[in-house]
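Naming: A, B, ... by sequence-line order, numbering from 1 per chain. Both backbone and side-chain heavy atoms feed into the values below; hydrogens, waters and symmetry mates do not.
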Protein chains: 2
Amino acid sequence: MATPLDDLSRLCVHTATTKPWPLARALEHYAAAGVHGITVWRDVLAGPGLAGAARLLSESGLDVVSLCRGGFFPADDEGGLRRAIADNLLAIDEAAAIGAPLIVLVCGARPGLPLPVAREQIRAGIEAILPRAAEAGIRLAIEPLHPMYADDRSAINTLAQANDMAEAIGHPLVGVAVDVYHLWWDPALEAEIERCGRAGRLFAYHVCDWRTPTRHMLTDRGLMGEGCIPLRQIRGWVERAGFKGFVEVEIFSEQYWAMDQAAWLERVVEAWRAHA
Amino acid sequence: MATPLDDLSRLCVHTATTKPWPLARALEHYAAAGVHGITVWRDVLAGPGLAGAARLLSESGLDVVSLCRGGFFPADDEGGLRRAIADNLLAIDEAAAIGAPLIVLVCGARPGLPLPVAREQIRAGIEAILPRAAEAGIRLAIEPLHPMYADDRSAINTLAQANDMAEAIGHPLVGVAVDVYHLWWDPALEAEIERCGRAGRLFAYHVCDWRTPTRHMLTDRGLMGEGCIPLRQIRGWVERAGFKGFVEVEIFSEQYWAMDQAAWLERVVEAWRAHA
């Protein structure tokens, strides 16, 4: 590993992890807790506005790691496809405005739309926004989502599929995001991490844990260490693949969002040191 | 297709689909509804006892398609591994007693036990029970489960993994069960169905549907036609792979179990005709 595990210089927290906090509050607490990076979810931009958010982020001294999220390209008609592309162009402008070098793409799916068609729409959508991304110098990370989200969130459900698509698009600004929650079960994970690392396409690494039982498919993610994901093993694969970026904590949890968020952030930092 | 779709001769219903019914009641209603095959879940055996269940099944005239379920081989200690094997030997005796030619294996997993270790325990478990299965002439079907069950239900999560394991064991009594609920999202599904069909290892085919949203990870399966699974397409793959067996309805649903079961069974038969 590039740095000892108790060094927080590679700790990034997603604003969605502390969802009750507005951006200013999150930045203040993250900085005080020693968090070095922040991934900004678009819902926190509305409060301060784009220029206000940019100023808050710049004054905080934190690294802006990425903007979450673009994507959701598939649609049932032409109008839907156009609206999706427009929204992704807007995301590029937002990322540029706040100094985020990367947009994470949750690629999308529509129940009843055949998955191969959805994948084709995703590829076309990414290619449609690439010129603007290139102009702004913003990278795009295809994030494969767990197969339990193949109905309405993503038709890209394994790292192999994300790697295939990034390879097919073949542009230096297009890579993948590895999130342990979505991928831990996959027997091909180690090989596919090595594949995107070698190709210089491993753009982001997200951690949390998988609880047993999982009480809700979207909002019951676990804190690192309280589930069954072999976090240190996967981090080892990611680092052996050459990844030197932030280890980002992305936890959607009704349970933890109901806690005092300062106490919750303390637990996040502690768990990151001990398990991520 | 081997038969027109409105011919019920290949319709099999799992007793778990009409879980509130004891075996005698299920048989009576299935026969009256024109259902030709039954897959017996072990929980319905306790009421009538093994000999009683065997008699009921034989008198019903229905084909006993399989016994659900063996498996759950992985364990945290030697004692657990031994108990799992003992339970699977018992399942073989039960299958033989009721005339079920096949046992479906939900292979098992333990949170925190590395998946590769669990898979090795599964392979060892199947090999340990094979002599008894061979004596009884009972086939064993490895059923890959959806990746959302990789924590505590199955370390075999794709048809490729199930095919690999059946191939590695290399015994004519060991094959796979294809359940659309677990596998519909997999881009390799068509190719892997062709692979096991060609090898003579496609032993069972289960249908239901995937609802959006899915409100519970275990007990919110949809009726065929009310979800996003391309059922006719997958059935086409299965039949082109040479499968001529029953198309089995396996639906775990608190919602449907709360209905009048006779009315529910009518809907099942109708949906099977229209969509399966």
Excluding sequence neighbours, so at least two apart, what forms side chain to side chain contact (heavy atoms under 4.5 Å, CB included) with A/A188? A/D186, A/E192
Fit a plane to each ring of A/W185 and B/W185, take the angle between them on a 0 to 90° scale, and name the class: parallel (under 30°), tilted (30 to 60°) or perpendicular (over 60°). perpendicular
Side chain / backbone / both / neither for A/Q233 at chain B, heavy atoms under 4.5 Å: neither
If every non-hydrogen atom of A/P111 is compared with every non-hydrogen atom of B/C228, which pair is closest and at what distance? CA-CB, 4.0 Å
State, to 0.1 Å, how close B/P147 and A/P147 come at their nearest heavy-atom pair, and which atoms those are. CG-CG, 3.7 Å
Between atom NE2 of B/H146 and atom CE of A/M148, what is the distance when rounded to the nearest 0.5 Å? 8.0 Å
Is it the side chain or the backbone of B/D151 that comes within 4.5 Å of chain A heavy atoms, both, or neither? both
I need the residue from A/P230, A/A150, A/A109 with the largest number of non-hydrogen atom pairs under 4.5 Å to chain B. A/A150
Among residues 197-212 of chain B, residues within the sub-4.5 Å heavy-atom range of chain A, in order of number, are B/W210, B/R211, B/T212
Is any side-chain heavy atom of B/H216 closer than 4.5 Å to a side-chain heavy atom of A/H216? no
Can you pull the salt bridge (Lys or Arg N to Asp or Glu O under 4.0 Å) pairs that have at least one residue in residues 162-171 of chain B, sequence neighbours excluded? B/D164-B/R195, B/E167-B/R195
Checking heavy atoms, do the side chain of A/T158, its backbone, both or neither come under 4.5 Å from chain B? side chain
Not counting sequence neighbours, which residues clear side chain to side chain contact (heavy atoms under 4.5 Å, CB included) with A/D76? List them please. A/R110
